[in-house]
Amino acid sequence: MKYSLKVLILFSILIIQGCNNFKRFEQKKYFCNTNDLEIDLIDILETRSIKKAYITIRNTEYKASINSITDNEINLQFDKINIVINIVKNKISATTENKVFFLNCEESNFNI
């Protein structure tokens, strides 16, 4: 009886810890305050096989290229703008030509 209780507890802990491995869909939205680049929203959709990003500027949505996604950072490219989202520090920087802009954005996540 004691052995089966220990196995049940261990199995429960493993299931709870491994829930992120079973994630099928994730959407990250970054709602940005007024900025010089006029970026209103950064929207990143991610499934196991599909990764898409969209940038909304002046209420118009544009498709962005995803250069890389890691647990720490997302790197996007739109036109001549390179956007780096530091997930850990929740900081967003955008580089265009010889200028660097720091965006103040509020993050919203949705997972299935």
Side-chain angles (χ1 to χ4, degrees):
M1 182 85 165
K2 289 182 182 180
Y3 176 74
S4 61
L5 181 61
K6 288 179 183 178
V7 170
L8 179 63
I9 291 171
L10 179 61
F11 181 72
S12 298
I13 291 171
L14 290 174
I15 291 295
I16 291 169
Q17 292 294 323
C19 282
N20 282 341
N21 294 333
F22 299 112
K23 179 174 47 177
R24 294 183 311 170
F25 174 83
E26 181 175 16
Q27 181 177 23
K28 293 182 183 196
K29 287 188 174 193
Y30 297 90
F31 298 93
C32 301
N33 294 337
T34 304
N35 57 74
D36 291 340
L37 296 174
E38 299 181 325
I39 295 174
D40 301 316
L41 173 67
I42 301 169
D43 191 2
I44 302 163
L45 306 167
E46 186 177 357
T47 68
R48 288 186 183 130
S49 60
I50 299 171
K51 293 173 181 37
K52 294 183 179 183
Y54 299 93
I55 308 287
T56 302
I57 299 174
R58 287 180 254 136
N59 296 321
T60 302
E61 186 176 81
Y62 302 95
K63 188 166 176 32
S65 300
I66 299 174
N67 293 336
S68 66
I69 295 180
T70 67
D71 290 338
N72 299 324
E73 191 174 270
I74 301 170
N75 192 315
L76 306 175
Q77 183 75 37
F78 168 70
D79 199 21
K80 294 181 181 181
I81 303 170
N82 183 37
I83 299 172
V84 177
I85 302 170
N86 187 317
I87 298 169
V88 176
K89 295 179 181 178
N90 198 21
K91 296 190 184 237
I92 301 174
S93 62
T95 308
T96 178
E97 297 174 7
N98 293 327
K99 297 179 183 176
V100 177
F101 301 91
F102 295 98
L103 306 178
N104 185 11
C105 306
E106 185 175 326
E107 180 183 7
S108 173
N109 284 339
F110 177 72
N111 296 312
I112 295 179

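Residues take their numbers from the sequence shown, with the count starting at 1.
Separating the NZ atom in K51 from the CD atom in E46 is a distance of 4.5 Å, to the nearest 0.5 Å. Taking OG1 from T47 and CD from E26, the interatomic distance works out to 11.0 Å, rounded to the nearest 0.5 Å. Taking CG from N104 and CG from N33, the interatomic distance works out to 4.5 Å, rounded to the nearest 0.5 Å.
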Name every donor-acceptor pair, under 3.5 Å, that has one atom in a side chain of residues 85-102 and the other anywhere in the protein, sequence neighbours excluded.
residue, atom, partner, partner atom, Å
N86, OD1, V88, N, 3.1
N86, OD1, K89, N, 2.9

Would you tabulate the side-chain donor-acceptor contacts of residues 64-84 under 3.5 Å, counting partners in other chains and residues two or more places apart, or write 'none'?
residue, atom, partner, partner atom, Å
N67, ND2, N75, OD1, 3.2
T70, OG1, N72, N, 3.2
T70, OG1, E73, N, 3.0
T70, OG1, E73, O, 3.3
Q77, NE2, D79, O, 3.2
Q77, NE2, I81, O, 3.4

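Hydrophobic clustering keeps I50 apart from I44 (ILVMFWY residues linked when any side-chain heavy atoms are closer than 4.5 Å, directly or through intermediates). There is no path of hydrophobic side-chain contacts, each under 4.5 Å, that joins L103 to F31.
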- Give the C-alpha distance, both sets of side-chain angles, the deciding distance and a yes or no for side-chain contact (heavy atoms from CB on, under 4.5 Å) between F25 and N111. CA-CA 6 Å; F25 174 83; N111 296 312; over 6 Å; no

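The shortest side-chain heavy-atom distance between T56 and Y54 does not fall under the 4.5 Å cut-off. Looking only at side-chain heavy atoms (C-beta outward), L41 and K29 come within less than 4.5 Å of each other.
Listed by first then second residue, pairs satisfying salt bridge (Lys or Arg N to Asp or Glu O under 4.0 Å) with a partner in residues 30-43 read E38-R58, not counting sequence neighbours.
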